[in-house]
Amino acid sequence: MEIPESLITKYNVPAPRYTSYPTVPYWAEESMKQKDWLSIVKKTFDETNKTQGISLYIHLPYCESLCTYCACNTRITKNHTVEESYIDSVLAEWEIYCNTFEERPILREVHLGGGTPTFFNPQNLSRLMNGLYANAILHPMFLCSFEGHPNNTSYEHLQALYNAGSRRVSFGVQDLDFTVQKTINRVQPFENVVRATEDARKIGFDSVNFDLIYGLPFQTIESVKNTIKSVATLKPERIAFYSYAHVPWKRPGQRAYTESDLPDNAYKRQLYEEGKKLLSDFGYTDVGMDHFALPNDELYKAYQVKNMHRNFMGYTHATTDLLIGLGASSVSDAKYAYAQNEKHVEDYKVAVNNRKLALQKGHYLTDEDLTIRRIILDITCNGELCWTSTPEWLNLNMLIQLNTMEQEGLLKLYPNGFRITELGMAFLRNICMIFDKRLNDYQNQKQMFSKAI
């Protein structure tokens, strides 16, 4: 479906990706006291551990080289002696949380992100996972996944993590064109992607996912098509097709190229539309913001029955109200509050090695925040918003914007809500912004987000 240039021009504005509400720049607490945070964590744990279980996100920040497109919190080094002490710190942090609970936590989902989790050797990853499980119970529908770099994810890595319960791996492919790869400092031959994928399938992983990016420097429609055609031969169960976030004011590595090397707004959108069409031709369904899945994937099944969830780990079909982030810069969601760890590895390690949480900042959710978060989750996960009677939060300005979007073909209004159209799926972030009170209250602040399109 071709998107009119007028809509691209209008809606290509800085917009959050909405892995939380409020989004991190609008959190109210510049610091979060450990006692208060643990009290909220325990409250949420007591409410949900036996019914939902809890989720863990482990941030492993190390990479051997800097991929200049990346906006994640990373530490670049070739010194692998850092592995053991970092794992010691993560397990010490987990112990603080476990000591807060009055019963063993039931783990519903664990995800290893980064950085590059496969920077760590298989033995250390096994030690990490066994340490996390030591004082926990695995949920009957336990999920474990990790992010892998095709260049350094070995058979031994995959086997060790499979033995630790992982059944889903997400490989960062991004783009297969050599000029693009060289520019973003991530040269990885397709043969490495094939090898890693085939190894994962041979071992028994039931979901292999690829991350692809559009809008990178020197990308062309032909190069994006070639990338998708190549990866489609491997039939990954899920493909995340992300918009490149050009935020050089936050990530100086992105200054390795200039904006003139990037596709302009219209061409970037064309990259997405051509890519989306190809993905559809290969049997993938658009299940939400940037995500496409085959019918046999669990995320697709959750999408079909409106059971998807979105949190700091992205989309998942495991809904839990308590997500604990471990590691430097990790973010936690305890339903009534958020907290983020210190971003610098050294500051993080000093705190947890002294048996203290390395909390940097946080936010206590108000009743209004909780309402808006539910609204945004319904939009991003279900592609719709419904109400039984006119809600008090629905104001005239919102209705005007929704009516305009209906006229533009982005959504269909009903007396009790609206449903997003196929065209409107490209504008999910913009639709969420209508209800983002904290963003709208501070519109004149400096740019903090990448553009929506």
task: Scan side-chain atoms only and decide if N265 and N12 contain a donor-acceptor pair under the 3.5 Å cut-off.
output: yes
query: Taking N341 for the side chain and G327 for the main chain, is one N or O donor matched with an acceptor at less than 3.5 Å?
result: yes
query: Is the closest side-chain heavy-atom distance between S20 and Y26 below 4.5 Å?
result: no
task: Please confirm whether the backbone N or O of G325 pairs with a side-chain atom of S332, one donor and one acceptor, at under 3.5 Å?
output: yes
- request: Please say whether more than 12 non-hydrogen atoms of neighbouring residues, nucleotides or ligands are located less than 6.0 Å from NE2 in H344.
  value: no
Audit row: C98, W94, side chain to side chain contact (heavy atoms under 4.5 Å, CB included) steps and yes/no: CA-CA 6 Å; C98 289; W94 177 227; 3.3 Å; yes
message: If only side-chain N and O atoms count, and only distance matters, is there a donor-acceptor pair under 3.5 Å linking E64 with H80?
response: yes
query: So do the side chains of I420 and M425 get within less than 4.5 Å of each other, counting heavy atoms only?
result: yes
message: Using side-chain heavy atoms (C-beta onward) and a distance below 4.5 Å, is M308 in contact with T316?
response: no
query: For residues E408 and Y11, is any side-chain donor paired with an opposing acceptor at under 3.5 Å?
result: yes
message: Could you measure the distance from the CG atom of L176 to the OG1 atom of T227? Nearest 0.5 Å is fine.
response: 4.0 Å
query: Roughly how far, to the nearest 0.5 Å, is the CD atom of E93 from the CG atom of L326?
result: 4.5 Å
task: Flag yes if more than 12 heavy atoms outside K182 fall under 6.0 Å of its NZ atom; otherwise flag no.
output: no
- line: Of D297, D286, D290, the one forming a salt bridge (Lys or Arg N to Asp or Glu O under 4.0 Å) with R238 is D297
- line: On a heavy-atom basis, the closest approach of A200 and L158 is N-CD1, 3.7 Å
query: Are N163 and Q159 close enough, and set up right, to give a side chain to side chain donor-acceptor pair (under 3.5 Å), and what steps lead you there?
result: CA-CA 6 Å; N163 291 346; Q159 187 66 64; 3.0 Å; yes
message: Set out, in order, the CA-CA distance, both residues' side-chain angles and the distance that settles side chain to side chain contact (heavy atoms under 4.5 Å, CB included) for Y267 and T220, then state yes or no.
response: CA-CA 9 Å; Y267 194 72; T220 65; 3.7 Å; yes
query: So, the side chain of E237 versus the backbone of V208: is there a donor-acceptor pair under 3.5 Å, distance only?
result: yes
- request: To the nearest 0.5 angstrom, please state how far the CD atom of E198 sits from the CD1 atom of I203.
  value: 12.0 Å
- request: Check step by step if ring pair (Phe, Tyr, Trp, His ring centres under 6.0 Å) holds for F312 and Y338.
  value: CA-CA 10 Å; F312 293 111; Y338 300 128; 5.5 Å; yes
message: If I take atom OG1 from residue T320 and atom CD1 from residue I106, how far apart are they, to the nearest 0.5 angstrom?
response: 12.0 Å
K306, NZ atom: more than 12 neighbouring heavy atoms under 6.0 Å: yes
query: Under the side chain to side chain donor-acceptor pair (under 3.5 Å) criterion, do S207 and N209 qualify, and how do the steps go?
result: CA-CA 6 Å; S207 186; N209 312 154; 3.0 Å; yes
- request: Give a yes or no answer on whether the side chain of Q52 reaches the backbone of D321 with a donor-acceptor pair at less than 3.5 Å.
  value: yes
- prompt: Residues two or more places apart in sequence or in another chain: which of them pass side-chain contact (heavy atoms from CB on, under 4.5 Å) with I87?
  reply: L91, F120, N124, R127, L128
- request: Could you walk me through whether D88 and K349 pass the salt bridge (Lys or Arg N to Asp or Glu O under 4.0 Å) test, one step at a time?
  value: CA-CA 9 Å; D88 289 341; K349 291 173 69 174; over 6 Å; no
- prompt: Where do N79 and T77 land on the side chain to side chain donor-acceptor pair (under 3.5 Å) test, with the steps shown first?
  reply: CA-CA 5 Å; N79 176 17; T77 181; 4.9 Å; no
message: Check whether K268 reaches the backbone of Y244 with its side chain - one donor and one acceptor, N or O, closer than 3.5 Å.
response: yes
field: Separation of L212 CG from Y242 OH (nearest 0.5 Å)
entry: 10.0 Å
Expected output: side-chain Q219 to main-chain V180 donor-acceptor under 3.5 Å: no
message: Contact between Q340 and S330 at the side-chain level, heavy atoms closer than 4.5 Å - yes or no?
response: no
- request: Just do the ring pair (Phe, Tyr, Trp, His ring centres under 6.0 Å) check on F241 and Y272 with the steps written out, would you?
  value: CA-CA 8 Å; F241 191 36; Y272 174 78; 5.7 Å; yes
query: Is any side-chain heavy atom of F142 less than 4.5 Å from a side-chain heavy atom of Y133?
result: yes
query: Between D436 and P16, what is the shortest heavy-atom contact and its length?
result: OD2-CG, 4.3 Å
field: Backbone of H363 reached by a side-chain donor or acceptor of W27 within 3.5 Å
entry: no
query: Can any side-chain N or O of Q254 pair as donor or acceptor with the backbone N or O of Y69 at less than 3.5 Å?
result: yes
- request: Please step through side chain to side chain contact (heavy atoms under 4.5 Å, CB included) for the pair Y57 and I324, ending with a clear verdict.
  value: CA-CA 6 Å; Y57 170 76; I324 294 176; over 6 Å; no
Contact check, side chains of V41 and L322, non-hydrogen atoms, under 4.5 Å: yes
message: I'd like to know whether the aromatic ring centres of Y62 and F119 sit less than 6.0 Å apart in this structure.
response: yes
message: Measuring only between side-chain heavy atoms, which start at C-beta, is Y86 closer than 4.5 Å to Y348?
response: yes
query: Would you say E84 has more than 12 foreign heavy atoms packed within less than 6.0 Å of its CD?
result: no
message: Using a 3.5 Å distance criterion without hydrogens, assess whether the side chain of S166 forms a donor-acceptor pair with backbone atoms of Y162.
response: no
message: Give me the atom names and distance for the closest heavy-atom approach of L294 to P236.
response: CD1-O, 3.5 Å
message: For E346, is the CD atom crowded, meaning more than 12 foreign heavy atoms sit under 6.0 Å from it?
response: yes
field: Criterion side chain to side chain donor-acceptor pair (under 3.5 Å) on H157 and Y155, from CA distance to verdict
entry: CA-CA 5 Å; H157 279 115; Y155 192 93; over 6 Å; no
field: Heavy-atom side-chain proximity of T118 to L112 below 4.5 angstrom
entry: no
- request: Mark yes or no for whether R429, through its side chain, and A15, through its backbone, hold a donor-acceptor pair below 3.5 Å.
  value: yes
Interatomic distance, I431 atom CD1 to L385 atom CG [nearest 0.5 angstrom]: 10.5 Å
- line: Those residues at least two apart in sequence (or on a different chain) that pass side-chain contact (heavy atoms from CB on, under 4.5 Å) with N151 are H149, Q188, P189, N192
task: Begin with the C-alpha distance, continue with both residues' side-chain angles, and end with the deciding distance and a verdict on side chain to side chain contact (heavy atoms under 4.5 Å, CB included) for I213 and D175.
output: CA-CA 7 Å; I213 297 179; D175 190 277; over 6 Å; no
- request: Give a yes/no verdict on a cation-pi contact between R310 and Y315, requiring under 6.0 Å between NZ or CZ and the six-membered ring centre and an angle within 45° of the axis.
  value: yes
- line: Taken in chain and number order and not counting sequence neighbours, the residues that satisfy side-chain contact (heavy atoms from CB on, under 4.5 Å) with T285 are V287, Y300, Y303
